[in-house]
Amino acid sequence: MSSRYEPRRVEEKWQQIWAQRRLFEAGEDPSRPKYYVLEMFPYPSGRIHMGHVRNYTIGDVVARYKRMQGFNILHPMGWDAFGLPAENAAMARGLHPANWTYDNIDYMRRQLKALGYSYDWPRELATCDPEYYRWEQLVFIEMYRRGLAYKKKAPVNWCPKCETVLANEQVEGGCCWRCDSEVSLKELEQWFFKITAYADELLADLDVLAHWPERVLTMQRNWIGKSLGAEIFFPLKDGGEPITVFTTRQDTLWGATFMSLAPEHPLALSLAQGTPQEAAVRAFVDHWRAQDRSRGVLEELTKEGVFTGRYCLNPVSGWEMPIYVANFVLMEYGTGAVMAVPAHDQRDFEFAQKYGLPIRVVIQPPGEELRAGDLKAAYEDEGVLVNSGSFSSLASAPAREAIAAFLEETGRGRRAAHFRLRDWLISRQRYWGAPIPIIYCEKCGMTPVPEQDLPVKLPLDVSPTGEGGSPLAHLPSFTNVPCPLCGGPARREVDTMDTFVESSWYFLRYACADYREGPLDRKRVDYWLPVDQYIGGIEHAVLHLLYARFFTKVLRDLGLARIDEPFTRLLTQGMVLKDGAKMAKSKGNVVDPEYMISEYGTDTTRLFLLFAAPPERDLEWSDQGVLGGHRFLHRLWTLAQNLLPDLKKAQPYQGSGSDLPPGLGEFRQKVHQTIQKVTGDIEDRFHFNTAIAAVMELINAFYQAVEELAPEEKALPVFREALEAVLQLLYPMVPHITEELWENLGYNTSLQLAPWPQAQAEALVETARTVVIQINGKVRSRISVPASHSDQQVQDAALDDPVVQKWLKGQPPRRVVVARGKLVNIVI
RNA sequence: GCCUGGGUGGCGGAACGGGUAGACGCAAGGGACUUAAAAUCCCUCGGGGUUCGCCCCGUGCCGGUUCGAGUCCGGCCCCAGGCACCA
């Protein structure tokens with residue numbers, strides 16, 4: 001046996017053994033509690049980077065820890081394999097996206113295996129596999145039949161660099177989430193998923209997600225953006241359908257002096273028809289249509305509008321309100337029409353000033369009296385109603401409630417909620433994605449591909465050029481297809497699906513990755529789902545995590561699953577930084593995991609990533625820190641090797657500890673305190689850094705104990721108990737070295753199958769404790785008292801302490817406080 | 001502007017019912033071993049003062065509550081992230 005720690009020898013050996021013994025392959029077992037640990041699967045970009053390693057290491061620790069606790073663990077891995085980078089790489093290097101993707105998968109799979117993660121590899125899936133996306137196409141068709149997938153013409157976000165449209169969630173600060181180009185608006189006919197039909201449930205169920213980080217919940221709440229208010233009907237002065245507006249401030253209704261319509265509003269042109277304003281309105285709307293609607297430009301836009309020549313009536317005051325078309329009113333939000341209250345809305349105020357429209361104050365702030373003529377800006381806060389009929393003198397909040405009720409009773413409006421959330425735009429004008437299974441026939445119109453014809457396979461004889469629209473459109477062998485209804489010539493949809501659709505249900509498919517009868521095998525899905533612990537980056541707070549929640553609910557309503565929410569607990573791990581910045585090739589600050597493994601081993605790499613920071617925080621990479629982790633593993637190895645010849649002959653100590661001499665007893669107490677500490681740190685908070693620190697302390701104490709206590713009669717059993725506990729506690733984090741040492745101790749079953757250690761209650765009992773003595777809140781002394789002392793005895797002992805006597809100078813203390821038997825504060 | 005997080009030694013980070021601030025690790029300095037170096041081991045390590053017993057100050061800033069505040073409350077500053085014509 002070698003006594004030198006050679007990480008790669010040990011690591012390769014155990015990775016082989018684990019694979020041979022199929023230790024991590026899971027089956028359904030109703031007799032054991034299940035636990036589903038999942039890390040967000042990677043995009044196969046080429047190589048595993050340090051951010052992946054951190055993410056997957058955290059997941060692996062959880063999986064191995066829970067396995068030791070007796071849970072039946074599902075811990076799968078796969079590939080989010082469709083996407084634009086494959087197409088770009090194909091164009092840059094002349095490779096086919098499929099080859100590029102599968103080569104990357106092969107390479108990265110090998111890397112993950114070298115990192116020693118406990119994955120259930122037979123469940124591996126790649127989303128670009130027709131056997132995966134065929135089920136997605138089937139779900140799409142079901143959604144289409146239920147109106148949850150639909151096509152409409154709408155202004156959509158267009159990324160000029162990616163040459164495709166983007167969902168709202170994929171635009172960050174006006175720029176493309178992937179390439180950061182500025183996004184513009186284009187009027188296009190596109191496919192949408194009706195996520196808004198689930199807006200209320202998506203919002204309400206956030207309250208169920210007690211184990212999600214608060215900021216993710218907040219981000220999702222804001223994104224969904226539910227506003228409570230009222231829809232109010234404004235009759236036209238000369239008859240016809242009334243205009244409906246949405247407002248959250250029905251308490252300002254008496255202050256509404258004009259009406260603003262979005263330029264796209266259907267009434268904008270029709271109202272103006274036949275009035276002297278018709279030409280002006282037409283010109284304004286045409287100008288708006290031609291307007292560059294990239295974000296930068298829109299932000300700078302001054303508020304402008306044009307009178308339609310028509311009037312409506314304020315439904316409560318009866319005042320005539322001129323109807324304007326205004327460039328700041330959004331057709332996509334609310335009803336596309338806004339009652340303008342210039343005194344209490346800054347936008348309306350600016351608009352009214354510009355066009356000389358009347359301003360009526362109807363809300364007075366506390367302790368102040370506003371006058372319309374003096375206003376320099378709108379007063380938007382709450383206050384007391386004035387000039388509002390019988391509602392005058394009510395405060396804003398109760399007035400809103402009362403006015404909503406009044407509107408409903410009198411048929412002039414109704415309570416309503418509106419959402420910021422828009423439907424999910426899923427069409428992409430790209431090649432490397434799942435085809436949308438729809439056929440267009442001139443005679444029969446739009447028809448889904450018949451189920452028996454699925455999958456609609458992505459043709460592989462295509463080389464994307466990056467020029468002009470969907471690459472599939474140029475491929476007659478793909479587009480030309482007989483109509484499934486009439487058999488006549490028809491053409492296929494050439495857009496592919498947003499790759500976020502694939503990642504919206506892969507976690508369900510893992511439960512039954514080999515199932516060929518349908519998307520999901522209910523029995524197995526019901527056993528494994530929901531995911532108990534999901535781990536990934538914060539960047540998906542509203543993207544993937546919102547889509548996955550939506551899709552889960554859809555699948556539930558299609559009868560394919562029974563869960564409402566896919567992820568019970570969520571951990572968003574921080575980024576890996578180097579020199580204060582995110583690791584990136586462009587910044588030249590990447591540390592290659594492969595290099596770390598060959599140089600120090602995966603155990604060292606894992607240990608450093610876990611030790612350097614708690615998982616949710618950003619982690620600053622430190623080559624010196626890695627060295628420190630490596631030193632610690634050497635210390636563990638050396639300690640074990642030195643003791644092994646003797647320990648192999650010993651049995652772990654079994655007693656209560658009462659028969660041990662003081663030194664050994666204290667050491668054993670430290671062992672059990674460490675068990676308790678590590679268990680708590682992992683179980684409650686996943687704070688692996690403090691768990692490791694505790695074991696480091698124990699190893700330090702262990703070295704000292706070996707030095708000082710080795711001759712003691714019961715030393716060997718106590719040391720053996722201690723070493724076994726150390727190996728068990730460290731196993732989830734550094735599984736290879738601990739397996740090797742476990743085997744060295746004489747065990748021939750995997751440490752993975754050993755139970756998680758339990759702290760023994762008797763071993764934790766202290767005989768004496770240190771009491772801190774403060775004078776006026778400052779620490780001045782410490783004394784040791786028997787653990788059995790009452791607070792009164794502790795206080796008496798404290799007052800006897802010579803240091804206290806010195807401070808008291810013979811005077812009695814003004815006050816003495818004993819806290820939890822561990823601290824005495826003496827006020828003098 | 002609004003909504004979340006977060007500001008603790010030279011650095012990463014501990015302190016999870018208000019109760020010993022700085023665990024553990026890194027870096028740095030000193031020492032032992034060695035012909036020498038590496039490795040390893042031991043000691044010191046927030047700032048200032050010191051008669052070497054200790055004393056004063058210190059968790060972004062100001063104030064408050066309390067016997068006692070990194071922790072709670074009020075106000076402010078800074079950093080990171082999210083949203084932003086949403087009626």
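What you are looking at is a predicted structure, and each value in this text was computed from that prediction instead of being measured. Within every chain, numbering begins at 1; the chains are lettered A, B, ... in the order of the sequence lines, protein sequences first and strands thereafter.
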Does the structure show a Watson-Crick or G-U wobble partner for [N], both distances under 3.5 Å? Name it, or say none.
N	result
rA80(B)	rU4(B)
rA87(B)	none
rG9(B)	none
rG19(B)	rC67(B)
rA38(B)	none
rC61(B)	rG75(B)

Any side-chain N or O of [X] under 4.0 Å from OP1/OP2 of [N]?
X	N	answer
Arg780(A)	rC55(B)	yes
Lys778(A)	rC57(B)	yes
Gln624(A)	rA27(B)	yes
Arg635(A)	rA39(B)	no
Arg631(A)	rC26(B)	yes

Reckon [X] touches a base, only the sugar-phosphate, or nothing at all at heavy-atom distances under 4.0 Å?
X	answer
Gly225(A)	nothing
Val329(A)	base
Asn825(A)	base
Asn776(A)	nothing
Val827(A)	sugar-phosphate
Ala612(A)	sugar-phosphate
Val817(A)	base

Nearest whole Å is fine: how far is [N] [atom2] from [X] [atom1]?
X	N	atom1	atom2	answer
Arg820(A)	rG17(B)	CZ	P	8 Å
Phe611(A)	rG12(B)	CZ	P	14 Å
Leu330(A)	rA84(B)	CG	P	11 Å
Asp345(A)	rA87(B)	CG	C1'	6 Å
His634(A)	rU40(B)	NE2	C1'	12 Å
Arg685(A)	rG13(B)	CZ	P	15 Å

Among the nucleotides [options], which one has an atom lying closest to any side-chain atom of [X]?
X	options	answer
Met219(A)	rC24(B), rG82(B), rC3(B)	rG82(B)
Arg617(A)	rG13(B), rG12(B), rC85(B)	rG13(B)
Phe328(A)	rG13(B), rC16(B), rC85(B)	rC85(B)
Asn700(A)	rC24(B), rC67(B), rA14(B)	rC24(B)
Val772(A)	rU20(B), rC85(B), rG17(B)	rU20(B)

Would you please indicate if the ring centroids of [X] and [Y] are separated by under 6.0 Å?
X	Y	answer
Tyr324(A)	Phe351(A)	yes
Trp319(A)	Phe258(A)	no
Trp424(A)	Phe192(A)	no

For atom [atom1], what is the distance between [N] and [M], given to the nearest Å?
N	M	atom1	answer
rG46(B)	rA80(B)	P	30 Å
rG75(B)	rG25(B)	C1'	38 Å
rU8(B)	rG29(B)	P	25 Å
rG10(B)	rA27(B)	C1'	7 Å
rU4(B)	rA87(B)	C1'	24 Å
rC26(B)	rC78(B)	P	37 Å
rG9(B)	rA14(B)	P	14 Å

Is there a side-chain contact between Met575(A) and Leu577(A) in this structure, where contact means two heavy atoms from C-beta onward sitting under 4.5 Å apart?
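When only atoms from C-beta onward are counted, Leu577(A) and Met575(A) do touch, with a gap below 4.5 Å.
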Heteroatom pairs (N/O) under 3.5 angstrom, protein to nucleotides 31-33 of chain B:
none

Is Thr308(A) reaching over with its side chain to a backbone N or O of Ile323(A), donor-acceptor style, under 3.5 angstrom?
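A pair under 3.5 Å: yes.
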Is it the case that the base of rC86(B) and the side chain of Arg422(A) share a donor-acceptor contact (distance under 3.5 Å, atom types as modelled)?
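Result: at least one qualifying N/O pair found.
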Syn or anti: how is rG64(B) classified when any glycosidic angle within 90° of 0 counts as syn?
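Base orientation: anti.
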Where the chi angle of rG17(B) falls, syn if within 90° of 0 and anti if not
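Glycosidic conformation of rG17(B): anti.
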Mind checking what makes side chain to side chain contact (heavy atoms under 4.5 Å, CB included) contact with Phe233(A), not counting sequence neighbours?
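If we apply the side chain to side chain contact (heavy atoms under 4.5 Å, CB included) test to Phe233(A), skipping adjacent residues, the hits are Pro242(A), Thr244(A), Arg414(A).
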Which atom pair, heavy atoms only, marks the closest approach of Gly821(A) to Val771(A)?
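Looks like O-CG2, 3.7 Å.
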Nearest-nucleotide wise, let me know which of Asn222(A) and Tyr333(A) is further upstream toward the 5' end of RNA chain B.
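Result of the comparison: Asn222(A).
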Need to verify one output field. Residue with the more 5' nearest nucleotide on RNA chain B, Glu697(A) or His687(A)?
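It is His687(A), whose closest nucleotide lies nearer the 5' terminus.
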Are more than 12 heavy atoms, taken from residues, nucleotides or ligands other than Lys822(A), located less than 6.0 Å from that residue's NZ atom?
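Open.
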Does the side-chain hydrogen bond (donor to acceptor under 3.5 Å, both in side chains) test come out yes or no for Asp791(A) and Gln795(A), once each step is laid out?
CA-CA 6 Å; Asp791(A) 279 3; Gln795(A) 176 173 334; over 6 Å; no
Kindly indicate, with the supporting measurements, whether the criterion side-chain hydrogen bond (donor to acceptor under 3.5 Å, both in side chains) is fulfilled by Asn700(A) and Arg635(A).
CA-CA 9 Å; Asn700(A) 292 343; Arg635(A) 265 166 74 76; 2.7 Å; yes
